> 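Once you've had a glance at the structure underneath, I'll fire off some questions.
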Amino acid sequence: MTENFLIVTQKINCKNEILELTNQRVIFWESQNSLILSDLHIGKSAHFQKSGIPIPSNILTTDLKRLAQLIHHFKANQLIIVGDLFHAEYNKDLDEFKSWLTQFNTLNIKLIKGNHDRLSDKVYQQFNIEVFNKKYTQNLLQFVHDFDKIEEEYFVISGHTHPGVFIKGKGKQRIKLPCYQVTKQQLILPAFSLFTGLNTKNAPENCKNYCFTNDGIFEV
């Protein structure tokens, strides 16, 4: 039986473009029929396993099941991946990704290279991925992996930092949750892969944190 993941959404307006945040770590861009995501780090679990670290082998499988469900749910025909699609050298995780891709023959993939995307151009061509070395711009939205500076005319969407926040409850209870960090001209995506840490420091000034769990999205 195929596992289904609950999908909850919240819409925000950025440069007159409606972006639909989800609790599954992707954004749906309706006008472009695209999913926007970052930091899948495909190959990370196999990389650690190769070094003798006992990482569960189903991490990538779970991430790809979530992504497949999101593609079908939104009927998306394009992925805009804001860096770190891959993690390290070519390993068995990439073979799993290649097999997974065969179910999406018409899916267009754009990758804005991240610091971990160091594979050869030949590999990207094998996966039929359109690569942008530094940034990609469309409809006043600018996509980069590691945010550098604001160009006034654009709204910038980036990844890289794996943003998260601490939520404090009664009785000194604390929980760390992933989030989208949003300012007037910038949005930082949460890492899509569940096999990543959370950075609760260095948030942009005056940002809204859209946190999420499996069940919903809320602002803190």
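Reckoned from all heavy atoms, side chains included, excluding hydrogens, waters and symmetry mates. Fair warning: this is a prediction, and the values are worked out from it, not measured in the lab. All residue numbers in this chain count up from 1 along the given sequence.
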> Relative to the ring of F86, is the ring of F97 parallel (under 30°), tilted (30 to 60°) or perpendicular (over 60°)?
perpendicular
> Kindly check if the number of other-residue, nucleotide or ligand heavy atoms within 6.0 Å of CG (N115) is above 12?
yes
> Flag the pair F212 / Y180 as yes when their ring centroid distance falls below 6.0 Å, and as no otherwise.
yes
> Does F192 have its ring centroid less than 6.0 Å away from the ring centroid of H162?
no
> Examine the side chains of N199 and T161 and answer whether a donor and an acceptor come within less than 3.5 Å of each other.
no
> Walk me through it: do Y124 and Q126 pass the test side-chain contact (heavy atoms from CB on, under 4.5 Å)?
CA-CA 5 Å; Y124 297 113; Q126 288 175 355; over 6 Å; no
> If we count only N and O atoms by modelled type, under 3.5 Å, do the side chains of K110 and Q78 hold a donor and an acceptor together?
yes
> Taking 4.0 angstrom as the limit, do K92 and D95 come out as a salt bridge?
no
> Any salt bridge between K184 and E205, counting N to O under 4.0 Å?
no
> Tell me which one of Q142, E153, E152 satisfies side-chain contact (heavy atoms from CB on, under 4.5 Å) with Q185.
E152
> Starting from the C-alpha separation in whole Å, work towards a yes-or-no answer on side-chain contact (heavy atoms from CB on, under 4.5 Å) for N13 and L19.
CA-CA 6 Å; N13 189 313; L19 301 180; over 6 Å; no
> With rounding to the nearest 0.5 angstrom, report the CD1 to OG distance, I157 to S38.
10.5 Å
> When you look at F5 and H73, which way does the ring pair (Phe, Tyr, Trp, His ring centres under 6.0 Å) test go after all the steps?
CA-CA 11 Å; F5 303 90; H73 176 84; over 10 Å; no
> Evaluate the ring planes of H160 and H145, with Trp represented by its six-membered ring, and classify them as parallel (under 30°), tilted (30 to 60°) or perpendicular (over 60°).
perpendicular
> Does atom NZ (K176) have a neighbourhood of more than 12 heavy atoms from anything else shown, all under 6.0 Å?
yes
> Side-chain donor-acceptor pair under 3.5 Å between Q138 and Q32, yes or no?
yes
